Amino acid sequence: MSAQPGIDRGHTDDLMSFLRASPSPYHAVASAAERLEKAGFRRIEETAPWDGTAGGRFVLRGGAIIAWYVPEGAEAATPYRIVGAHTDSPNLRVKPIPDTGAHGWRQIAVEIYGGALLNTWLDRDLGLSGRITLRDGSHHLVTVDRPLMRVPQLAVHLDRSVNAEGLKLDKQRHMTPIWGLGGVEEGDLIRFVAEETGVAAEEIAGWDLMTHSVEPPAYLGRDRELVAGPRMDNLVSVHAGTAALIAAAQQEPPYIPVLAAFDHEENGSQSDTGADGPLLGTVLERSVFARGGGYEERARAFAGTICLSSDTGHAVHPNYAERHEPGHHPRPNGGPILKVNVNQRYATDGAGRAVFAAACERAGVPWQSFVSHNSMPCGTTIGPITAARHGIATVDIGIAILSMHSARELCGAQDPRLLAKALNAFLGA
């Protein structure tokens, strides 16, 4: 099989391993933490006192991770350079009473999380992932990465109009996965999870469980210049940000480089692990105070701080080009995109454009511009939230993909590496 000249696949191969290891936000932060620890970063607890010595640290809270590196000689007022991202993706999540079924089919009750493209979850082999919480308060990851569930579509013989009039799905009635035959048994799913996880079922006090597609990421196309896979929105950015932070820590930059990967972006970011919560501000402030600073130094540090909010954006769709702004057509493998919306759905302004362009120039990376069609509503990101909550200059960027919010998305095989290079140039400048 021929390969497209010029594509360095090392980073993208590693991204695909990261995607497979991260079927839920809890797995994603565990995967990032493992990489950071191997690079010499150490986990610190929010309930413990912090010191201001040089080195890499990270905080984990649920499906969020904040990691940073304090260079030798950093002062209390040293500004931050932040890469922001999110760990969650739209999917089907298990309800508090999960065991259900009808007509001899055993099913699992689910709730729709985020703006999922529902039809992409039909007739797809699904695994189960997330975390359980035991009575002692400890958490355990759950990974059932094999075909366990399926949401079956109605046969065309029973819905003759589907191809002419389109598929119509009711979120309550049509999206309940099957996972076996027989009568409904209360507690069945949690007993199964207990066996898979190696704990006693009676010790499980809570769960945050979700479905994921078990089909692995793969190169696509004659020349393998594309990548198809799950959760690219937004684990591509989490992976690139982790790699960039590790690389920046080796360069002793003049700023304090930070990775802030939040949960719950897909449903508004309003949680204790979301970008609209206090987590990032608290971590940054405590870092200032640990280095001997006070309110004055905190204000000076924040005033000099810049955040790149990295999230996926829309590549021009060849079958729906009229849905895109005609003068702005981001293309796969064209480099990261600068996302602009004058109504502040994105936080980018002219000054932010200059910062991003300079980082790409230092990295030798091409970049593109994205703006929505005036007749189409524009999505948003953690960028405006970060800017407004913390008073931090923020720039929205990402890579261009197709099939956003599908169970399986598509990007250029070169773009994840180009994004990581640009982020490293930004953090390590």
Side-chain angles (χ1 to χ4, degrees), residues 23 89-95 97-129 144-185 188-189 209-218 220-222 226-233 266-267 312 314-324 332 372-373 375-379 400-411:
S89 300
N91 57 15
L92 313 178
R93 302 209 172 184
V94 176
K95 289 183 176 179
I97 302 175
D99 302 296
T100 188
H103 307 289
W105 295 97
R106 294 161 63 196
Q107 296 175 277
I108 297 173
V110 296
E111 190 173 3
I112 311 301
Y113 178 84
L117 273 174
L118 296 181
N119 64 296
T120 68
W121 291 90
L122 302 179
D123 296 332
R124 189 179 294 275
D125 295 338
L126 302 177
L128 186 71
S129 57
V144 184
D145 195 29
R146 64 178 186 274
L148 179 69
M149 297 171 283
R150 185 180 178 91
V151 183
Q153 188 171 184
L154 186 64
V156 68
H157 312 79
L158 303 177
D159 187 6
R160 296 287 184 176
S161 65
V162 64
N163 289 324
E165 299 179 9
L167 179 64
K168 297 180 177 62
L169 294 171
D170 183 284
K171 293 179 180 181
Q172 180 66 28
R173 295 185 295 123
H174 299 152
M175 297 305 298
T176 306
I178 61 172
W179 75 309
L181 300 172
V184 178
E185 298 181 24
D188 201 17
L189 177 65
L209 300 172
M210 60 203 71
T211 62
H212 68 272
S213 171
V214 299
E215 184 180 4
L220 184 144
R222 184 195 68 179
L226 300 169
V227 173
R231 300 176 296 281
M232 291 186 177
D233 178 12
E266 298 293 356
N267 59 15
T312 55
H314 302 293
V316 60
H317 196 303
N319 299 339
Y320 300 90
E322 73 280 1
R323 303 293 183 97
H324 299 268
S372 290
H373 193 290
S375 298
M376 303 291 293
C378 181
I401 70 171
L402 291 182
S403 305
M404 188 184 295
H405 286 197
S406 170
R408 195 168 177 85
E409 298 161 323
L410 185 71
C411 77

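Keep in mind it's a predicted model, so treat the numbers as computed, not measured.
Taking every heavy atom of both residues into account, D125 and R150 meet most closely at OD1-NH1, 3.3 Å. When all heavy atoms are compared, the tightest approach of P152 to D123 is CA-OD1, 3.4 Å. Contact record, L122 with L167: CD1-CD2, 3.6 Å, taken as the closest heavy-atom pair.
Looking at heavy atoms from C-beta onward, M149 lies in side-chain contact with I108 at the 4.5 angstrom threshold. In this structure, the side chains of L128 and L126 stay at 4.5 Å or more apart for every pair of heavy atoms. Taking the side chain as every heavy atom from C-beta outward, V110 and K95 never approach each other to under 4.5 Å. The side-chain heavy atoms of L189 and V94, taken from C-beta on, include a pair separated by under 4.5 Å. Considering only heavy atoms from C-beta on, L410 stays 4.5 Å or farther from I401 through its side chain. Between E215 and R408 there is a side-chain heavy-atom pair separated by less than 4.5 Å. Contact of the H317 side chain with the R323 side chain is not registered, since no non-hydrogen atoms from C-beta on lie closer than 4.5 Å.
If you check the side chains of Q153 and H174, you find no donor sitting under 3.5 Å from an acceptor.
H324 places no side-chain N or O within donor-acceptor distance of the main-chain N or O of S372, the cut-off being under 3.5 Å. With hydrogens and angles ignored, the 3.5 Å screen pairs a side-chain donor or acceptor of E409 with a backbone N or O of M232. T211 places a side-chain N or O within 3.5 Å of a backbone atom of L92 that can act as its donor or acceptor partner. With N267 contributing its side chain and G114 its backbone, the two residues share no donor-acceptor pair below 3.5 Å.
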Item checked: Stepwise side-chain hydrogen bond (donor to acceptor under 3.5 Å, both in side chains) test for D233 and H405 -> CA-CA 7 Å; D233 178 12; H405 286 197; 3.3 Å; yes
Notebook entry, point to check: Stepwise, does the side-chain contact (heavy atoms from CB on, under 4.5 Å) test hold for Y113 with M210?
Noted result: CA-CA 9 Å; Y113 178 84; M210 60 203 71; over 6 Å; no
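Taking a 6.0 Å sphere around CD of Q172, one finds it holds 12 or fewer heavy atoms contributed by other residues, nucleotides or ligands. Other residues, nucleotides and ligands contribute over 12 non-hydrogen atoms within 6.0 Å of the CG atom of L158. Counted within 6.0 Å of NZ on K171, heavy atoms from surrounding residues, nucleotides or ligands total 12 or fewer; the atom is thus considered open.
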